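For reference, the structure discussed in these notes is given below.
By convention in this document, chain letters (A, B, ...) are assigned in the order of the sequence lines, proteins followed by strands, and residues within each chain are numbered from 1. Quantities reported herein were computed from a predicted structural model and do not represent experimental measurements.
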Amino acid sequence: MELANMFQMIATILEIKGESGFKVNANIKVARVLEELVEDIRSIDDPTSIDGIGKSSAKKIQQFIETGIVPEFNELADSIPSGLLDVMRVQGLGPKTVGRLWKEAEVVDLSTLREAIDDGRLESLPRMGRKTIDNISDALAFLESSAGRKRIGKAMPIAEAIIALLRAIEGVLQIEFAGSLRRGKETIGDIDILASTDEPVLLADSFCSMSNVTKILAQGQTKCSVRIDAGMQVDLRIVENSAFGAAMLYFTGSKEHNVALRERAIQQGKRLNEYGLFEDDGDETPPQQRGVDPIARSEEEIYAALKSPWIPAELREDRGELDDKDLGNLITEKDIKCDLHCHTIASDGHMTIEELAMYAIARGYHTIAVTDHSQSSAQANGLKPDRLRKHIDAIHEVNEALKEITILAGSEVDILTNGELDYDDELLALLDIVVASPHVSLHQSSSDATTRLLKAIEHPLVHIIGHPTGRIINKRRGLEPNMQTLIDAAVATNTALELNANSLRLDLRDTHVKAAVEAGAMISVNTDAHVPEHFDQLRYGIGTARRGWLTPAGCINCFSHEDLTAWLDRA
DNA sequence: GCCGTTTTCGGCCCGACTGTTTTCAGTCG
């Protein structure tokens, strides 16, 4: 993590210093590759075997691992004020302007930028008009007031509400969200909406005058950008109806996927932009401006013309999805046949056993597991052994009474700091299902966390490891075990790793799921429902699962009742 | 700085909008 950050900083510093954009991009790519790496970089003999890492970066990585010092980075860092990296985060300020602000107005960080705005220092600079300065001032205030990317669970309902509002505007033909929201990312930078309409001016006006708009950043014929009161930016792109598919492809991204796709087009003598896929006729002017018809318009047509299968949006991250591999049939919400991690009023849930069962029946599940907290989770009203025994009897009673569904008596048993479980084996053996989860000591070292979780995975009575890292998105980093080691152990012991679908958690995360899928470990997608609404969080878990290339065959929640029973009874 | 089904050099995605410009640089996605 630290290492990825270093390469990101190198990229930004090089940018400010006016180095080649290609060099900058190369460093950004190294940062991204390291960030997404599931294995411990220390355990990789030759980093250049990883796509995007060349000799120069490998040397820096080696220096970092061996000494913790990378001389080239230190030199770079010393060459500019460190606060300029923060200034680069201000919307509208890029490397050129930041470089000028530094050299010509003595701006070295966010607070000196504020001073420079307030004392009028900027006004004397060339190409610094009133509007530009006002925009910088606003963007600075916005940066200070909002904390970056928002959880998908927050962004999605906002996006859906905006789309529902705009869909009703006269003339609108098609309107969808694109961007990271469509790709199902765990956090969303800004909401991208794509529309086609017979009345573009009316749509643009309606969009910019929504009641939650706090500032209009741009308003043009085809592109509008606003800030809304939830502290997010929303972009609306308006395209011709015939170009909607190509535009969806483009605005869904990711940027890295688009670049890879365009390079593929060029290799095949074609040219791809948001208006479609064109034959490259050597003319510099964009083909759509010359009235040239595209050879492919929809997403499906464009992928097909580029000799690739259609790629689900969640996979478009340039993580090998264009390598002509079989992408399989990715898991969908309707493949989920049971939820194996839920709470009742016995611990910190708000539903009775019966209510839980009713909601599960309404979703068409064949099985629901009652997994209340164990004794150590006192704050969650965890069950002491005698209460658990009674709870098991109560669950079995309701199970007898309800023929429409199987209710499993389970527990979400704490994995204690040392890896031991919070109940003895004799008690655990009475349960139909055991979900073992870490809740405390979430700041322990990577090696301690690995040992701790490994012990739980290898426990013969444990079926599922619940939210393995314990992270809370944007709030708590959680454990950082060697995930590859845990995955290998999960495969060996046939223990499932949970993908907790709650949008606060999404734990395992997408890259972990992908590594687990590649290794053949079973995944369990559960909502960890405490209240009825939590069942609706499943969509975010499924988005993350798809981003991890998960298929129904790799997910125990997709098993038939019979197969699940057999899997739970495994020796 | 990285990479290779036109390979070890010479490329590296593409278009819209803004502000301050008389023709475009900078930024963004």
How would you label the contact of [X] with the nucleic acid (heavy atoms, under 4.0 Å): base, sugar-phosphate, or nothing?
X	result
A:Leu261	nothing
A:Lys255	base
A:Arg100	nothing
A:Asn273	sugar-phosphate
A:Tyr250	base
A:Asn25	nothing
A:Lys29	nothing
A:Gln267	nothing
A:Ser225	nothing
A:Leu14	nothing
A:Gly253	nothing

Give me the distance, rounded to whole Å, that separates [N] from [M] when you measure between the [atom1] atoms they each carry.
N	M	atom1	answer
B:dA16	B:dG11	P	26 Å
B:dG15	B:dT20	P	26 Å
B:dT18	B:dT23	C1'	15 Å
B:dG1	B:dT6	C1'	22 Å
B:dC17	B:dG10	C1'	32 Å

task = Would you check, one step at a time, whether the test side-chain contact (heavy atoms from CB on, under 4.5 Å) holds for A:Arg271 with A:Arg262?
result = CA-CA 7 Å; A:Arg271 183 169 173 174; A:Arg262 286 181 179 196; over 6 Å; no
inquiry  = So for atom CD, which belongs to A:Glu333, do other residues, nucleotides or ligands contribute more than 12 heavy atoms lying within a distance under 6.0 Å?
reply    =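 Atom CD in A:Glu333 is packed in, count exceeds 12.
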query = Take atom CD in A:Gln63; do more than 12 heavy atoms of anything else shown fall under 6.0 Å from it?
reply =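 More than 12 within 6.0 Å, yes.
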inquiry  = Both distances below 3.5 Å, Watson-Crick or wobble geometry, any strand: find the nucleotide opposite B:dA16.
reply    =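 By the stated definition (distances under 3.5 Å), B:dT27 pairs with B:dA16.
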task = Keeping the roles fixed (side chain from A:Thr544, backbone from A:Tyr540), state whether a donor-acceptor pair exists under 3.5 Å.
result =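 Side chain of A:Thr544 to backbone of A:Tyr540: a pair is present.
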key: Test item: side-chain donor near acceptor, A:Thr469 and A:Glu480, under 3.5 Å   =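 Per modelled atom types, A:Thr469 and A:Glu480 side chains form no pair under 3.5 Å.
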Can I get a per-line list of side-chain donor-acceptor pairs under 3.5 Å for residues 99-107 of chain A, giving both atom names and the distance, sequence neighbours left out?
| residue | atom | partner | partner atom | Å |
| --- | --- | --- | --- | --- |
| A:Arg100 | NH2 | A:Pro126 | O | 2.4 |

query = So where does chain A start and stop touching DNA chain B, 5' to 3', when the test is distance under 4.0 Å to a non-hydrogen atom?
reply =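 Endpoints of the contacted stretch of DNA chain B: B:dG1 to B:dG29.
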inquiry  = A:Arg183 and salt bridge (charged side-chain N to carboxylate O under 4.0 Å, His left out): which single residue from A:Glu314, A:Glu256, A:Glu317 fits?
reply    =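 Single salt bridge (charged side-chain N to carboxylate O under 4.0 Å, His left out) partner of A:Arg183 among A:Glu314, A:Glu256, A:Glu317: A:Glu317.
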